[in-house]
Amino acid sequence: MSGLLLATCVLLALALVPDARASSSAEPEEGVVEEGPFYLELKPLSVPIRRKNGDIRYYMFMTVSLEFDEKEKKDGTRKLIPRVRDAFLKDLSGRTVLYKDKTRGVDYDRLKKRLLTQANQVLGKKAPSDILVVKVFKGN
């Protein structure tokens, strides 16, 4: 009987002690400053890869993530994502993303500069500090 009483007391004590995991939620506590960088990943973009005559040879799909140095910039960008995607797709549809010799694949440095230019035009002061290409794959 005393074993049952002891077990009940232990369970009751554990139930009353706050769980340390519960206090560490995803939301920052008041007065705690979150440190960046902060990321906002876009849905995949479809990029046409064209032949010399302009016909579409195949599509390439890429996922990019916008990197922000301030959380407020990231949060302010959310409502403008359709405009950002529109600018990115217009740029990507009009010019190639491949190296000129095409055997070397995607020219990531030039691609990132182009997308960052578009983001700056759309977002102004809220523009990301960098754009990361996180996934690229060839479609049909």
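These figures come from a predicted structure and were not determined experimentally. Computed from heavy atoms alone, side chains included, the values below leave out hydrogens, waters and symmetry copies.
The distance from the OG atom of Ser46 to the CG atom of Leu92 is 9.0 Å, given to the nearest 0.5 Å. In this structure, OG in Ser93 is found 6.5 Å from CZ in Arg50, a value given to the nearest 0.5 Å. Between atom CG of residue Leu42 and atom CZ of residue Arg85 there is a gap of 6.5 Å, rounded to the nearest 0.5 Å. Annotation: the span from Phe38 atom CZ to Lys74 atom NZ amounts to 8.0 Å, rounded to 0.5 Å. Residue Glu67 holds its CD atom at 11.0 Å from NZ of Lys73, rounded to the nearest 0.5 Å.
Asp55 meets the side chain to side chain donor-acceptor pair (under 3.5 Å) test with Asn53; sequence neighbours excluded. Not counting sequence neighbours, the partners of Ile49 by the side chain to side chain contact (heavy atoms under 4.5 Å, CB included) test are Val47, Tyr58, Met60, Val97, Leu98. Scanning for side chain to side chain contact (heavy atoms under 4.5 Å, CB included) contacts around Asp75 gives Lys71, Arg78, with sequence neighbours left out.
At a threshold of 4.5 Å between non-hydrogen side-chain atoms, the residues Asp107 and Thr96 do not count as touching. Counting only heavy atoms from C-beta outward, the side chains of Val122 and Gln118 never approach each other to under 4.5 Å. Counting heavy atoms from C-beta outward, Val64 and Leu111 have side chains that stay 4.5 Å or more apart. Contact check for Glu41 versus Thr63: side-chain heavy atoms found under the 4.5 Å cut-off. At a threshold of 4.5 Å between non-hydrogen side-chain atoms, the residues Pro128 and Leu40 do not count as touching.
Other residues, nucleotides and ligands contribute only 12 or fewer heavy atoms inside 6.0 Å of the CZ atom of Arg83.
Pairing each heavy atom of Leu115 with each of Phe88, the nearest pair is O-CE1, 3.2 Å.
Each ring pair (Phe, Tyr, Trp, His ring centres under 6.0 Å) pair with one or both residues in residues 119-140, not counting sequence neighbours, appears once here: Phe61-Phe137. Screening residues 111-124 for salt bridge (charged side-chain N to carboxylate O under 4.0 Å, His left out), with sequence neighbours left out, gives Asp91-Arg114, Lys112-Asp130.
Apart from Tyr39 itself, the hydrophobic cluster it occupies contains Leu132, Val134, where clustering links Ile, Leu, Val, Met, Phe, Trp and Tyr at side-chain heavy-atom distances under 4.5 Å.
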